[in-house]
There are 2 protein chains.
Amino acid sequence: MSATVTLMHVAQEAGVSPSTVSRILNGTANVTPDKRERVEAVIHRLNFTPNVQAQALANGRSFSVGVLTQKLSSAFYGETLAGIEQGLDGSPYHPLVVSGHWRAKQEQQALDLLIRRRVDALIVLGGVIGDAALQRVAAQMPLVAVGREVSGLPERCVLIDNHAGIRQVVLHLAGLGHRDIAYIGGDECQQDAVERRQGFEDSLREMGLPFQPRLVMIGDYTEVSGEWAAAELLASGLPFTALVCANDQMAFGARLSLYRRGLRVPEDISLTGFDDLFNSRYTTPPLTTVHQAVNELGQLAAETVLRLLAGEQPHLSSYVPQLVIRESTGPAPLSPTAGGH
Amino acid sequence: MSATVTLMHVAQEAGVSPSTVSRILNGTANVTPDKRERVEAVIHRLNFTPNVQAQALANGRSFSVGVLTQKLSSAFYGETLAGIEQGLDGSPYHPLVVSGHWRAKQEQQALDLLIRRRVDALIVLGGVIGDAALQRVAAQMPLVAVGREVSGLPERCVLIDNHAGIRQVVLHLAGLGHRDIAYIGGDECQQDAVERRQGFEDSLREMGLPFQPRLVMIGDYTEVSGEWAAAELLASGLPFTALVCANDQMAFGARLSLYRRGLRVPEDISLTGFDDLFNSRYTTPPLTTVHQAVNELGQLAAETVLRLLAGEQPHLSSYVPQLVIRESTGPAPLSPTAGGH
DNA sequence: CTGTTAGCGCGTTCAG
DNA sequence: CTGAACGCGCTAACAG
């Protein structure tokens with residue numbers, strides 16, 4: 001609509017050369033106070049804003065770091081994004097986020113888009129795209145992955161120890177006297193889903209508790225799947241006094257199934273989640289779960305990228321999440337409400 | 001790291017002029033099949049990807065639409081963002097999102113950033129920045145606001161009728177026999193908070209029910225504030241059988257307060273929210289609330305921006321949200337558990 | 001149909 | 001300290 005004003009216009013209006021304007025814009029060199037003031041006045045008067053595209057083109061850096069997330073509507077990744085934004089804040093870099101929807105093809109397109117936008121670095125949040133594609137990108141620019149492993153880039157991944165997380169849950173439950181513990185896992189095409197299920201199985205054995213395959217159901221990390229899986233479990237008639245869910249969302253769904261059957265939490269059945277979504281504090285009763293400091297992980301990723309950009313070689317390592325005991329877990333009832341659930 | 005390959009490299013390698021490469025890249029003109037194939041082969045072999053910054057600079061359009069949101073971690077706006085992304089999908093435009101955190105200053109900075117990035121259009125999600133700033137932007141490029149009114153740009157705002165939304169809630173409750181209805185509102189620095197509270201008051205009168213100022217509390221749209229406000233209400237000893245919250249998040253908090261006091265929902269107290277966040281289906285019991293089709297509103301905003309960009313002059317209007325009756329509301333108990341709450 | 005030329009808006013030498 | 005000239009990567013108008 002209205003013609004956008006350029007650095008050149010500012011220069012002419014102020015009676016100086018474009019270079020001078022550029023210099024005072026970037027503080028590249030000293031300029032006589034009077035010229036500086038004159039130029040700044042013009043900039044203000046004309047409401048001039050430098051064209052980032054042109055700047056990027058001229059000095060080879062876009063000052064933007066690409067973020068490949070999966071779903072913008074996800075509370076989990078949303079918090080990580082907020083952390084990344086915070087972590088980048090204060091630096092000259094800005095995040096550029098695109099989403100892949102857990103679909104390899106879309107993730108690839110998203111990556112392509114970021115590359116065409118010439119982002120200076122990349123942060124990958126989860127995803128199912130192959131390691132090869134990420135390695136290829138990592139060869140061209142700093143890359144940090146959050147919540148997923150990328151073979152060949154071990155110290156570029158901020159990971160959480162899922163196995164240890166679930167283990168804390170099982171220990172807690174076992175300590176409360178639970179012996180028959182059911183499990184609702186996530187789709188094992190995702191790495192963490194297999195780690196968590198494995199952690200469940202291993203911890204059970206470690207505690208000397210029976211591992212009962214019929215007490216494990218597989219969902220897809222969504223609320224509905226948790227609701228469905230819990231219903232199946234209850235319908236099976238198999239006795240159990242605790243229900244471990246591989247993430248909070250499925251625990252929310254399971255909570256509803258229990259409610260529908262008139263089962264009390266934790267009096268009849270103890271329920272646990274994983275992730276510690278914000279909402280987990282507000283379920284009734286508040287959910288015992290495993291806390292992942294997602295915001296902090298996002299900040300960490302951002303800071304790491306910044307350091308890589310600065311030429312340092314930071315090494316990331318695995319992070320142990322913490323059990324948060326709230327009110328959805330309690331002592332095992334003396335006689336499990338077997339079959340009759 | 002590795003030198004990025006440019007269109008020029010491709011041209012030389014294929015033995016054609018840069019223009020030719022550009023042409024087959026954009027389909028701007030016909031090119032002999034053999035040259036085309038030759039070039040495409042080189043592009044593929046060199047793994048060439050056009051530099052969007054340069055393209056933007058050359059043809060004056062960045063093909064990106066800026067989105068000013070408030071919090072990336074918000075479930076509410078997250079869904080809208082997803083809708084925008086969907087709405088833009090298929091078009092050559094991509095979203096560029098930055099957040100303002102409900103702080104005028106940060107929102108202004110975010111706007112500046114988007115302008116410096118020379119976005120072709122702008123979508124604003126809520127926010128507290130002054131209308132003047134938005135009008136200024138609107139003078140330079142297509143702008144659409146979601147969930148907030150911008151004076152002077154009436155048909156560029158996709159709004160929901162908050163008054164009508166709350167009215168449905170009150171009608172529903174009145175129909176169930178509730179007479180003493182408490183209310184938890186949002187901070188009235190936000191437009192919708194005042195509309196909702198006003199709607200509550202008006203509807204009460206319309207139904208011939210008493211408006212009791214002492215039964216209205218003001219929170220800030222967060223869970224904690226809802227929890228606190230509900231606790232205050234209960235501690236006051238004033239009798240009421242229904243609790244209307246100005247948004248779902250505060251209803252979640254209130255739910256917890258009720259749970260802590262051992263009050264049943266809906267047997268002792270009916271509870272309602274507003275927004276219909278995804279989680280509202282999974283509270284116990286599932287929450288009766290007012291559904292805002294946030295995803296669809298996002299899509300609508302995106303489509304509108306696209307049409308504006310195409311030179312059309314679409315007119316937006318106000319949207320009436322729908323009451324979703326779930327299980328947190330029921331008949332008013334015969335004798336309100338007065339004072340004794 | 002295709003190559004040449006001229007910018008897009010800005011940063012950065014290189015002389016002065 | 002400052003201006004002129006060149007180039008970043010790509011598109012578009014102009015001749016052939």
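First the proteins, then the strands, lettered A, B, ... as listed; each starts at 1. The model shown is predicted, which means the values in this text are computed figures rather than measured ones.
For C/dG11, its base never sits under 3.5 Å from the side chain of A/Arg61 at any donor and acceptor pair. You'll find a donor-acceptor pair under 3.5 Å spanning the side chain of A/Arg23 and the base of D/dG3, going by distance alone. Applying the 3.5 Å distance criterion, the base of D/dA4 shares a donor-acceptor pair with the side chain of A/Ser19.
Rounded to whole Å, atom P of C/dT12 lies 7 Å from atom CG of A/Asn26. Rounded to an integer number of Å, the gap from A/Phe48 CZ to C/dG9 C1' is 8 Å. Look at CD1 on A/Ile24: it is 14 Å from C1' on C/dC10, rounded to the nearest Å. If you take CZ of B/Arg116 and C1' of C/dG9, they are 15 Å apart, rounded to a whole angstrom. Between B/Phe63 atom CZ and D/dC10 atom P the separation is 15 Å, expressed in whole Å. Between B/Gln12 atom CD and D/dG9 atom P there is a gap of 12 Å when expressed in whole angstrom units. Atom CE of B/Met8 is separated from atom C1' of C/dT4 by 11 Å (rounded to the nearest Å). Distance B/Leu25 CG to D/dT11 P: 6 Å, rounded to the nearest Å.
A side-chain contact (heavy atoms from CB on, under 4.5 Å) with B/Leu143 is found for one member of B/Leu308, B/Ile123, B/Val137 and no other, namely B/Val137.
Taken to the nearest 0.5 Å, the OG1 atom of A/Thr222 stands 10.5 Å off from the CG atom of A/Asp187. Note: B/Leu122 CG to B/Leu114 CG = 6.0 Å, rounded to the nearest 0.5 Å.
Between C/dC10, D/dT11, D/dG3, one nucleotide has an atom nearer to the side chain of B/Gln55 than all others, and that is D/dT11. Proximity note for B/Asn51 (side chain, C-beta onward) versus C/dT2, D/dT2, D/dC10: the nearest is D/dC10. For B/Leu7, whose side chain is taken as the heavy atoms from C-beta onward, the closest listed nucleotide among C/dT13, C/dG3, D/dT11 is D/dT11. Side chain of B/Pro50, nearest nucleotide from D/dC1, D/dC10, C/dT2: D/dC10.
A donor-acceptor pair shorter than 3.5 Å can be found between the side chains of B/Ser17 and B/Thr20.
Regarding contacts with the backbone of C/dG11, every side-chain N or O of A/Thr28 stays at 4.0 angstrom or more from both OP1 and OP2.
Using modelled atom types, no side-chain atom of A/Thr32 and backbone atom of A/Lys35 make a donor-acceptor pair closer than 3.5 Å.
Under the 4.0 Å criterion applied to side-chain N and carboxylate O atoms, A/Arg36 and A/Glu40 are assigned as salt-bridge partners. Between A/Asp131 and A/Arg136, none of the side-chain N atoms (NZ, or NE/NH1/NH2) sits under 4.0 Å from a carboxylate O, so this pair counts as no salt bridge.
Within 4.0 Å (heavy atoms only), A/Ser22 reaches at least one base atom of the nucleic acid. Within 4.0 Å (heavy atoms only), A/Pro18 reaches no atom of the nucleic acid at all.
In terms of heavy-atom proximity, B/Val39 sits nearest to B/Ile24 at CG1-CD1, 3.2 Å.
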Pairs under 3.5 Å (N/O, protein and nucleotides 6-8 of chain C):
from	atom 1	to	atom 2	distance (Å)
C/dC8	O2	B/Leu57	O	3.4
C/dC8	O2	B/Ala58	N	3.3

